[in-house]
Amino acid sequence: MSELDREVRPKHFIQQIIEQDLQDQKHTSIRTRFPPEPNGYLHIGHAKSICLNFGLAATYHGECHLRFDDTNPEKEDQSFVSSIQEDVQWLGFQWDGSVRYASNYFEQLHQYAVDLIEKGLAYVCFLNAEETRAYRGSLTETGRSSPYRDTAVADNLALFEQMRQGQFSEGHCVLRAKIDMASPFMCMRDPVLYRIRFAEHHQTKDTWCIYPMYDFTHCISDAIEQITHSLCSLEFQDNRRLYDWILQNISVPATPHQYEFSRLNLEYTLMSKRKLSELVDNQWVDGWDDPRMPTIAGLRRRGYTPAAVRDFCQRIGVTKQENCVQMNVLEACIRDDLNVNSPRAMAVLDPVKVVIENFTGEPESLSAPCHPDTPAMGQRSLPFAKTLWIDRADFKEEANKKYKRLVLGKEVRLRNAYVIQATRVDKDAEGHITCIYAQYDPATLGCAPTDGRKVKGVIHWVSAEHAQPAEFRVYDRLFKVSQPDANTLAESLNPDSLIVKQGYAEPSLVNAAVGKAYQFEREGYFCLDKQGNSDQLIFNRTVALRESWTD
RNA sequence: AGGGAUAUCGCCAAGCGGUAAGGCAGCGGGUUUUGAUCUCGCCAUUCCCAGGUUCGAAUCCUGGUAUCCCUGCCA
């Protein structure tokens, strides 16, 4: 882990609980787990949970398991179990022991269900889904007992075995816990423990036709793995009563405890797998790893580093408060990382030609530092010649004195090169500038003009004959509104979330590796996209530089 | 009288009875061959509201208010 991970923050409530437990000798060491369901790609909200669980294990010298909560075969897939493992490792974490699956415990889970039946605490219920809902009552009315609630233990045992043997059709019956139909916690009104699904499971194939529900599976899996602190999000607060009830009524080797924290919300994006897949399915984005997506894969392709994502998770904290974090926090994290770690280069995204009329003879090879503050990062060579590209926004025929770039008749510094003065321009029929003519001062390489002239502006450039044509993908927020409404996603999409520009990159960039970050000076941080090739470089803008001027 | 949670700066977030940390954003000054970085300074007499206890309350008590979650054979 890098420097960024070491920043000290006050201890959050879960760390306080753990330290108390350790001090009270409730545990001699801790064990956490990250329990994704393999039904989608991981996003930055998961990163918060991953950093929390693995981070806790690391700071208290405990362990953290990776366990797939794979109890719903119809929605899950092996491809997701693979991508999830990649993403966790990319973030810089390694689970203890082998990858676990709740499905590893199906046999034990089944036995615990039998135990519950034998204790008279579970029964096979033949009410259908609608009837079950009606019998459950409402938030303000108690529920009614299922007519199957008092079936004899021996009958329930036989019926449950028939369920397992595939003798009932899907939906014909379920196994339910016998708890309390009048409980103010809806999840305690005889919750379903097992349902029938003739679906092939990505791990257990066709071994089972009954699958355990989350509430039954999760607590028992935690107990089997001897998890000490089982962390989940706020919406499971009520479910904690069921978590505890199940563990109290069976004989398991440990009693884990569940603690809830608030999930991450980020402005101008979404954090729900369902809504994210809607974006993908409707092709509103390029796929799960579209650089505009808040998925780990999207952030990675965008140019975010694991250290920056970890830093972000550190900065946002862990509490039980509902929250919506501003994008600028995430951006500050990646800028902090890339500012010190990325080499500098020059690229012109919106090119206009400049001809240095008094530059004669062969092109020169200039040398420029890869990082202004870190000489150890070395130098790169920069060809300088008579014809250059600069950015259109860096030239004006006239401007007020706040404008610190090239103005007709005035001087500007070409970054890492000479001072030039604009003398005249060519325009096309519509009046657009097609070429800027300039004079350069050969005595200004690496030093200020000797006569004391002050040149306040500095602009970037590339040599036209040496530069590499390149495509630049400039990204912005995915949605126009800070908290998009799930029902009107299409209307709130930002039409300018991707702007493609064709320009030129300095020649050293032909050797850029996919994903490696560069700072294109005065433009922002960019990395090469996987879609390009040596003929067509494609760069994704990770984030712009902070810009703090007003014209 | 359903239940479970949460309310501290624009956004995160410390604070745990001794007189409001920090980060991001913002605003001013300095340095600068990136309008970046770096650097210096400013940025809650007040903690959802109202009472109460106390020498002393964001922290304790009482009563309100607001917001989120819970009636899948999803997780």
Side-chain angles (χ1 to χ4, degrees), chain A residues 7-12 16 35-37 39 69 71-72 74-75 125 127-129 132-134 136-143 170-176 182-189 191-197 211 213-215 217-218 232-241 260 262 264 267 273-274 314-333 335-336 339-340 344 346 368 372-373 402-405 412-417 419 444 446-448 455-460 482 519-524 544-551:
Chain A
E7 244 171 271
V8 275
R9 282 193 109 263
K11 294 185 185 355
H12 56 66
Q16 293 180 23
E37 184 188 9
N39 67 345
D69 221 331
T71 57
N72 191 1
E74 291 170 321
K75 291 188 174 168
C125 179
L127 253 25
N128 65 31
T132 304
R133 191 182 325 119
R136 189 153 34 225
S138 74
L139 296 179
T140 51
E141 301 163 287
T142 63
E170 280 189 13
H172 190 64
C173 57
V174 294
L175 182 72
R176 289 228 253 168
S183 174
F185 296 100
M186 297 302 287
C187 66
M188 296 297 267
R189 319 246 266 223
V192 172
L193 265 22
Y194 269 88
R195 77 286 213 188
I196 298 168
R197 284 288 118 81
Y211 290 96
M213 301 290 289
Y214 164 84
D215 286 303
T217 309
H218 204 91
C232 63
S233 45
L234 253 28
E235 64 268 31
F236 292 100
Q237 288 177 120
D238 287 358
N239 301 246
R240 187 174 68 245
R241 277 71 184 184
E260 310 87 14
S262 53
L264 167 69
E267 282 190 344
K273 279 188 212 170
R274 234 193 96 261
Q314 189 71 206
R315 291 193 201 192
I316 59 177
V318 178
T319 68
K320 297 174 83 136
Q321 257 144 273
E322 295 291 343
N323 60 77
C324 188
V325 176
Q326 296 177 331
M327 225 14 138
N328 61 36
V329 179
L330 218 207
E331 293 179 343
C333 292
R335 287 195 186 107
D336 279 1
N339 176 50
V340 340
R344 312 286 119 128
M346 291 195 287
D373 309 322
K402 284 186 130 181
Y403 184 78
K404 295 171 54 176
R405 315 179 206 179
V412 80
R413 158 77 61 182
L414 291 179
R415 177 73 169 157
N416 297 309
V419 169
T444 54
C447 61
V455 179
K456 59 183 174 185
V458 179
I459 64 173
H460 58 285
S482 64
Q519 185 199 102
F520 292 166
E521 288 187 293
R522 302 211 314 130
E523 290 287 0
L545 255 30
R546 193 163 162 267
E547 297 175 334
S548 61
W549 75 92
T550 44
D551 276 329

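Chain naming here is simple, since letters A, B, ... match the order of the sequence lines and numbering starts at 1 in each.
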Counting only distance, no hydrogens or angles, is the base of C73(B) paired donor-acceptor with the side chain of Glu170(A) under 3.5 Å?
-> no
Of all the choices, A7(B), A25(B), G4(B), which nucleotide is nearest to the side chain of Asp238(A) once you look at every atom?
-> G4(B)
Leu264(A) CG to A13(B) P: how many Å, rounded?
-> 10 Å
How far, in whole Å, is U59(B) from G18(B) if one measures between their P atoms?
-> 12 Å
Pairwise C1' distance, A75(B) and U37(B) [rounded to whole Å] | 45 Å
Would you tell me if any nitrogen or oxygen in the side chain of Gln16(A) comes within less than 4.0 Å of OP1 or OP2 on G15(B)?
-> yes
G26(B) to U65(B) separation - P atoms, rounded to the nearest Å | 39 Å
Residues passing the side chain to side chain donor-acceptor pair (under 3.5 Å) test with Arg413(A), sequence neighbours excluded, are none
Roughly how far apart, to the nearest Å, are C16(B) and G30(B) at atom P?
-> 41 Å
Glu235(A) CD - C74(B) P separation (whole Å) = 17 Å
Selection from A36(B), A75(B), C73(B) that lies nearest to any side-chain heavy atom of Thr71(A) | A75(B)
Minimum-distance nucleotide (side-chain atoms of Asn323(A) versus C24(B), A13(B), G4(B)) | A13(B)
Approximate separation, where rounding is to 0.5 Å, of Ile459(A) CD1 and Glu521(A) CD | 13.0 Å
CA sep, side-chain torsions, deciding dist, call: Asn39(A), Asn72(A), side chain to side chain contact (heavy atoms under 4.5 Å, CB included) = CA-CA 9 Å; Asn39(A) 67 345; Asn72(A) 191 1; over 6 Å; no
Nearest-nucleotide check on RNA chain B, Arg133(A) vs Leu330(A); residue mapping nearer the 5' end is Leu330(A)
Please check the phosphate of G2(B) (OP1 and OP2 only) for any side-chain N or O of Thr142(A) closer than 4.0 Å.
-> no
Do any side-chain nitrogens or oxygens of Thr132(A) fall under 4.0 Å of OP1 or OP2 in C73(B)?
-> no
Taking atom C1' of G23(B) as reference, at what distance in whole Å does atom CD of Glu331(A) sit?
-> 15 Å
Please check the phosphate of G72(B) (OP1 and OP2 only) for any side-chain N or O of Arg274(A) closer than 4.0 Å.
-> no
Inter-nucleotide P distance (A7(B), C49(B)), Å rounded = 14 Å
Along RNA chain B (nearest heavy atom to each residue), the more 5'-positioned of Arg136(A) and Ser262(A) | Ser262(A)
Picking from C24(B), C73(B), A14(B), which would you name as closest to the side chain of Val174(A)?
-> C73(B)
Taking atom P of C73(B) as reference, at what distance in whole Å does atom CG of Asp215(A) sit?
-> 11 Å
Can you list the residues that meet the side chain to side chain donor-acceptor pair (under 3.5 Å) rule with Gln237(A), with sequence neighbours excluded?
-> none
Where the side chain of Arg546(A) is defined as all heavy atoms beyond and including C-beta, which of G26(B), A75(B), A5(B) is the nearest nucleotide?
-> G26(B)
Arg9(A) CZ to G23(B) C1', straight-line distance once rounded to whole Å | 7 Å
Which value, rounded to the nearest 0.5 Å, describes the distance between Arg522(A) atom CZ and Glu547(A) atom CD?
-> 9.5 Å
Does Gln237(A) put a side-chain nitrogen or oxygen below 4.0 Å from OP1 or OP2 of C68(B)?
-> no
Glu141(A) (side chain) and G2(B) (base): donor-acceptor pair under 3.5 Å = no
Classify the side chain of Arg240(A) and the base of G4(B) as holding, or not holding, a donor-acceptor pair under 3.5 Å.
-> no
Which value, in whole Å, describes the distance between the C1' atoms of nucleotides G3(B) and C48(B)?
-> 23 Å
Using whole Å, report how far CG of Leu234(A) lies from P of G3(B).
-> 19 Å
Taking atom P of C12(B) as reference, at what distance in whole Å does atom CD of Glu322(A) sit?
-> 10 Å
Side-chain N,O (Gln326(A)) to OP1/OP2 (C12(B)) below 4.0 Å = no
Arg241(A) vs A5(B): side-chain N/O to OP1/OP2 distance below 4.0 Å = yes
For nucleotides 31-34 of chain B, which of its nitrogen or oxygen atoms have a protein nitrogen or oxygen under 3.5 Å away, and what is each distance?
{"from": "U33(B)", "atom 1": "O3'", "to": "Arg415(A)", "atom 2": "NH1", "distance (Å)": "3.2"}
{"from": "U33(B)", "atom 1": "O2'", "to": "Arg415(A)", "atom 2": "NH1", "distance (Å)": "2.2"}
{"from": "U33(B)", "atom 1": "O2", "to": "Asn416(A)", "atom 2": "N", "distance (Å)": "2.9"}
{"from": "U33(B)", "atom 1": "N3", "to": "Arg413(A)", "atom 2": "NH1", "distance (Å)": "3.4"}
{"from": "U33(B)", "atom 1": "O4", "to": "Arg413(A)", "atom 2": "NH1", "distance (Å)": "2.8"}
{"from": "U33(B)", "atom 1": "O4", "to": "Gly446(A)", "atom 2": "N", "distance (Å)": "2.6"}
{"from": "U34(B)", "atom 1": "O2", "to": "Gln519(A)", "atom 2": "OE1", "distance (Å)": "2.8"}
{"from": "U34(B)", "atom 1": "O2", "to": "Arg522(A)", "atom 2": "N", "distance (Å)": "3.0"}
{"from": "U34(B)", "atom 1": "N3", "to": "Gln519(A)", "atom 2": "OE1", "distance (Å)": "2.5"}
{"from": "U34(B)", "atom 1": "N3", "to": "Glu521(A)", "atom 2": "OE2", "distance (Å)": "3.4"}
{"from": "U34(B)", "atom 1": "O4", "to": "Arg344(A)", "atom 2": "NH1", "distance (Å)": "2.4"}

What is the nucleic acid contact for Asp69(A), judged by heavy atoms within less than 4.0 Å: base, sugar-phosphate only, or nothing?
-> sugar-phosphate
Between atom NE2 in His12(A) and atom C1' in A13(B), what is the gap in whole Å?
-> 12 Å
